[in-house]
Protein chains: 2
Amino acid sequence: MITLYLAEDQSMLNSALTQLLELEDDLHVIGSARDGKMAWADLQRLRPQVAILDIEIPGMSGLDVADHLQVADWETKVVILTTFAQQAYFERAVKAQVAGYLLKDSPSDDLIDTVRQVMQGKTIYAPELVVNMFSAATNPLTDRELAVLTEADKGLPTKTIAANLYLSAGTVRNYLSAIFSKLGVHNRLEAIKIAKDNKWLT
Amino acid sequence: MITLYLAEDQSMLNSALTQLLELEDDLHVIGSARDGKMAWADLQRLRPQVAILDIEIPGMSGLDVADHLQVADWETKVVILTTFAQQAYFERAVKAQVAGYLLKDSPSDDLIDTVRQVMQGKTIYAPELVVNMFSAATNPLTDRELAVLTEADKGLPTKTIAANLYLSAGTVRNYLSAIFSKLGVHNRLEAIKIAKDNKWLT
DNA sequence: ACTTCGATATGACAAATGTCACTATTTGAT
DNA sequence: ATCAAATAGTGACATTTGTCATATCGAAGT
C-alpha cells in the first residue's frame, strides 16, 4: 500500500485526483492541502511515501516544499505536478532531486503510473522538459535582478521596491539599469515584457 | 441516464473528470475533446444532454461553442467550467443562456451536483460571479485615452507615443495623467495592469 | 443659445527614472 | 590563493514622467 499526499490548489483537480487515486487498491491518499504551508505542516506529521505537489500554490510553492523535504531527508518521494513546461521550475525541481515531474497536460493515468514507478526507485520526467534542457534561452538575470523586476512588475515605484527588498533606492535603480542593459531595453515596461515573453517572469 | 460531453484541454483534469463522472450510475460520458472545434463537431453528432465546456481551450472557446449550441436550439444544456471569475466571460455565458457556470476552484462533487441540477431545469451559477454582476466596471476611458494607453503598453516613451499618434508630447502626458486619475493610480504600469484586468486592453 | 465634454495644446514645476562612475563585501570556481 | 561575479551601496547628472492650470475648438445635449 502506497501512502500519498496531494498539494494542489485547484479544488476541482484536487478532489477529482484524490477520489481517483483512492480507487486504486494499492494507493491511499492520507491527506491533501490547497496551500503550501499547510502541506508542509501535514507532511511532517504524516510522512507519506509520495508527495504530489503543484508548484503554483499559495503560501509556499511546491518547489519550496520539495526543498524542505530534501533537507529533511526522509523516505518521502516527491512528484511535481504542474501546468506549464517552464524550464526554470524544472531545473529547480531537478536540483531538489524530485522523483517525478509531470505536466497537467497528461492523462490522469500517467500520474498513477508515475507514482508506482517512483516507488520502485525510478525517476520520471516529462519528456517535453528534458528536450528543452539544451535549447532554452537561459535567463541572463541574477536572482536579485529578477526579484527587483518582479516588484517592478507590480507597478511599484523605486522607493517601494527598495523598501520591500530591504535595499536602498539607488541599488534598485542600479539593478534596473543592469537589467535594461542585459535585455537591451531602456525602461521597466519593455524589460518586463521581455522577461515575461521568455517566462523568466510570471 | 444522463449523457455528457466534456471539453477541457488540460488532460489531467479531462481524464480525471471523465473517469469520475463515469463512476456515477446515472451519468455517462459519451465523448470528450481537448479543443473547441473538435468539441463542436462531436456535439453535432452526439447530441449529449449536457456539455461541460472549459472556456480557454484551443481552436474555439467554450463560449463560442455555447453560442453555437444556443443557435442550434437543441436539448443540450451547457455547463461552463473555468478557472477564473472573469466578469466579461460570465456575462457572455449568461447571454448564451448557459445552464451552469462553475469555477474549477470548487470540488469535483459540485460538478456532479450541477449536472444533475441542470437536468432538472435549474440554472446554477457560482455565487462569486453573481455578486459581482452589479458592480461591473465600465470602461471610463475615452477612445483617445485608450489609444495612448495602448501605445504605452508597448513600452514606448512619451515622445514616441506622441509621434505615433500625431500628438504633442504634452498632450500625451495629459492623457496619461487623465487616465491615472480616472483609474486611481500614479504610473503607466499600474494603469496598464488595471486596464488589462478589466479587459479594456488586450 | 448655452453648457458640457472630448480632443488638443502650452508652459511650469516637482518627482521619479535611468545612466555612470566608483567602492566594498561576499561567495564560488579555478 | 586568487579572480570573477553577485550583491549592495553612494553621489551626481540628464532625462522622463506625472501634475496642474489654463486655453481653444467642435460636437452633442438640454
Side-chain angles (χ1 to χ4, degrees), chain A residues 63 67 70-71 87-88 91-92 94-97 136-196 198 200-201, chain B residues 137-198 200-201:
Chain A
L63 290 171
D67 285 339
Q70 190 191 13
V71 171
Q87 204 57 25
E91 281 169 24
R92 256 199 75 189
V94 172
K95 278 190 196 136
Q97 306 203 308
T138 37
N139 186 344
L141 306 179
T142 67
D143 286 354
R144 245 47 254 286
E145 285 165 351
L146 204 54
V148 169
L149 198 58
T150 304
E151 292 299 301
D153 178 42
K154 296 179 190 162
L156 304 175
T158 308
K159 264 196 298 188
T160 314
I161 297 174
N164 289 354
L165 300 179
Y166 308 103
L167 295 175
S168 80
T171 302
V172 169
R173 280 186 304 179
N174 282 337
Y175 278 134
L176 283 167
S177 208
I179 292 165
F180 301 156
S181 106
K182 282 184 183 177
L183 304 187
V185 299
H186 295 281
N187 65 57
R188 301 141 122 91
L189 255 149
E190 290 187 289
I192 289 166
K193 204 182 284 294
I194 289 189
K196 280 188 175 164
N198 287 85
W200 303 328
L201 205 63
Chain B
T138 36
N139 187 344
L141 305 180
T142 68
D143 288 353
R144 252 32 272 280
E145 285 165 351
L146 204 54
V148 168
L149 198 57
T150 305
E151 292 298 302
D153 179 41
K154 297 178 189 163
L156 304 174
T158 308
K159 265 194 298 187
T160 314
I161 297 175
N164 289 355
L165 300 179
Y166 308 105
L167 295 175
S168 81
T171 303
V172 170
R173 280 184 302 174
N174 283 338
Y175 278 135
L176 284 168
S177 207
I179 292 165
F180 302 156
S181 103
K182 283 183 181 176
L183 304 187
V185 299
H186 295 281
N187 65 59
R188 300 142 123 92
L189 254 147
E190 290 187 289
I192 289 167
K193 203 182 285 295
I194 288 189
K196 280 187 175 164
D197 283 352
N198 288 86
W200 303 328
L201 205 64

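In what follows, every chain begins at residue 1, and chains take the letters A, B, ... in the order their sequences are listed.
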- For the pair made of CG in A:Leu189 and C1' in D:dT16, what is the distance, rounded to whole Å? 13 Å
- Task: Send over the distance from B:Leu176 CG to D:dC20 C1', rounded to a whole Å.
- Result: 15 Å
- Task: Would you classify B:Arg173 as touching base, sugar-phosphate or nothing, given that sugar-phosphate means primed atoms plus P, OP1 and OP2, and contacts are heavy atoms under 4.0 Å?
- Result: base
- Task: Round to a whole Å and report the spacing from CG of B:Asn187 to C1' of D:dG18.
- Result: 10 Å
- Measure from CD1 on A:Ile179 to P on C:dT19 and round the result to the nearest Å. 11 Å
- Message: With a 4.0 Å cutoff (strictly under), does any side-chain N or O of B:Ser168 reach OP1 or OP2 of C:dT8?
- Response: no
- Message: Give me the atom names and distance for the closest heavy-atom approach of A:Ala191 to A:Ile179.
- Response: CB-CG2, 4.2 Å
- Query: Can you check the A:Phe180 CZ to D:dA14 C1' distance for me, whole Å?
  - Reply: 16 Å
- Task: To the nearest Å, give me how far apart CD (A:Glu190) and P (D:dT16) are.
- Result: 13 Å
- Message: Quick one: does any side-chain atom of A:Asn187 pair with a main-chain N or O of B:Gly155 as donor and acceptor, under 3.5 Å?
- Response: yes
- Message: On DNA chain C, compare the nucleotides closest to B:Leu167 and A:Thr158; which residue's is nearer the 5' end?
- Response: B:Leu167
- Task: Starting from the 5' end of DNA chain C, give me the residue, B:Gly170 or B:Asp143, whose nearest nucleotide shows up first.
- Result: B:Asp143
- Item | Rounded distance in Å - NZ (B:Lys159) to P (D:dG18) | 15 Å
- Message: Please give me the minimum heavy-atom distance between A:Asp67 and A:Ala96, naming the atom from each residue.
- Response: OD1-CB, 3.4 Å
- N or O in side chain of B:His186 less than 4.0 angstrom from D:dT19 OP1/OP2: yes
- Task: Round to the nearest Å and state the distance from A:Tyr166 atom OH to D:dT7 atom P.
- Result: 18 Å
- Task: Nearest-nucleotide wise, let me know which of A:Lys182 and B:Ser177 is further upstream toward the 5' end of DNA chain D.
- Result: A:Lys182
- Side-chain donor or acceptor of B:Asn174 under 3.5 Å from a matching atom on the base of C:dT10? yes
- Message: Considering every strand and a 4.0 Å limit on heavy-atom distances, what is the contact class for B:Tyr175: base, sugar-phosphate, or nothing?
- Response: base
- Message: Tell me whether A:Lys154 is salt-bridged to A:Glu151, with the criterion being a basic N under 4.0 Å from an acidic carboxylate O.
- Response: yes
- Message: I need the minimum non-hydrogen distance between B:Leu141 and B:Leu146, along with the two atoms involved.
- Response: CD1-CD1, 3.9 Å
